[in-house]
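Each residue takes its place number in the sequence, starting with 1. In each ligand, atom 1 is the first atom listed, and ligand 1 is the first ligand listed.
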Amino acid sequence: MENMWKVSVRGVRGAMPRMDRDYMNYGGNTSCISVDCKEEVVVFDAGSGLLSLSEFLQNQKLKRVHILLTHLHLDHIMGLPAFSLLYDPEAEVHLYGQKPENSAFQTQIGAVFHPPYWPLSLKDCKASLHIHELCAGESFSIGSRLHVRTLLGSHPDPCLYYRLASFGETDKSIVYALDCELTKEMENQLSDFSRDCRLLIWDSNFAPEDIGQHRGWGHSTWEEGVRVGRTANVKQLLATHYDLHYKDNFLKKQEYRAKQSCNFIEFAREGMEITL
Ligand SMILES: [Zn+2]
Ligand SMILES: [Zn+2]
């Protein structure tokens, strides 16, 4: 069990948080999933779900975290300004994201993490902050054991998908593909990118019956995730990033339908943990 990875679901919602009672079974925080890889903690996206990670990291001996951002839509970054680790002088925070064409990644984040939108700015962070600008297709390492590949996404604004893997351990691999509109070309690319991975975390923003009216919004369905998962031979599929209008009873019906047609799909709920 020593080397097991622990995947923790911290935010499952797209667009905006929902904290009403009808959303609490699946959860109302926006996108954030952390992976405790033992020697390193890796986080996919920094939605409002990121805040629950603060408590976990404050109790760690090594306060170091690597946050991989798919893109800068608010639901994927809104947890950053209130992430207490950023203000902790003993902490080390690495932020990764796509290098913009005509600007710097840090400038783009700093534009919203700044008065008058927030009382503090990036320069007020006391943690040792490392910004990593990535080009789509680039690969990099985290520490001596983790390897990350990137893929250019399909979304209205620039977006990256990630494949996190452990050197030499084939059972430890995660593909994170939020937010994604599935064109034929994207489906082929994602099927290759996700080949034989242990866990595919999938944009399931719209129910299959609703996607028709939302073409061009940059999102997918759980059904499309099942298709990619089968082609790519993934072991487990995790549906998440639910539309902000989908209440628990609606999602429960979707989950039931999905599980009737696929034996490797799970619907993400906040607080859920998956061990790899
Ligand atoms: Zn989103
Ligand atoms: Zn988005």
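With 2.8 Å as the limit, Cys159 does not count as an N, O or S neighbour of the Zn ion (ligand 2).
Under the side chain to side chain donor-acceptor pair (under 3.5 Å) criterion, Glu39 pairs with no residue, sequence neighbours left out.
Counting all heavy atoms, side chain and backbone alike, Leu120 lies closest to Pro115 at O-CD, 4.0 Å.
A cation-pi geometry, defined here as NZ or CZ lying under 6.0 Å from the six-membered ring centre and within 45° of its normal, holds between Arg269 and Tyr26.
Between Glu255 and Lys259 there is a salt bridge, since at least one side-chain N of the basic residue sits less than 4.0 Å from a carboxylate O of the acidic one.
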Side-chain donor-acceptor distances from residues 28-35 under 3.5 Å, at least two apart:
residue	atom	partner	partner atom	Å
Asn29	OD1	Ser48	OG	2.8
Asn29	ND2	Glu270	OE1	3.1
Thr30	OG1	Ser48	N	2.8
Thr30	OG1	Asp75	O	2.8
Ser34	OG	Arg10	NE	2.9
Ser34	OG	Arg10	NH2	3.4

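Shown are the protein N/O/S atoms under 2.8 Å from the Zn ion (ligand 1), given by residue and atom: Asp75 OD2, His76 NE2, Asp179 OD2, His241 NE2.
Note on residues 232-250: pairs passing salt bridge (charged side-chain N to carboxylate O under 4.0 Å, His left out), not counting sequence neighbours, are Asp22-Lys247.
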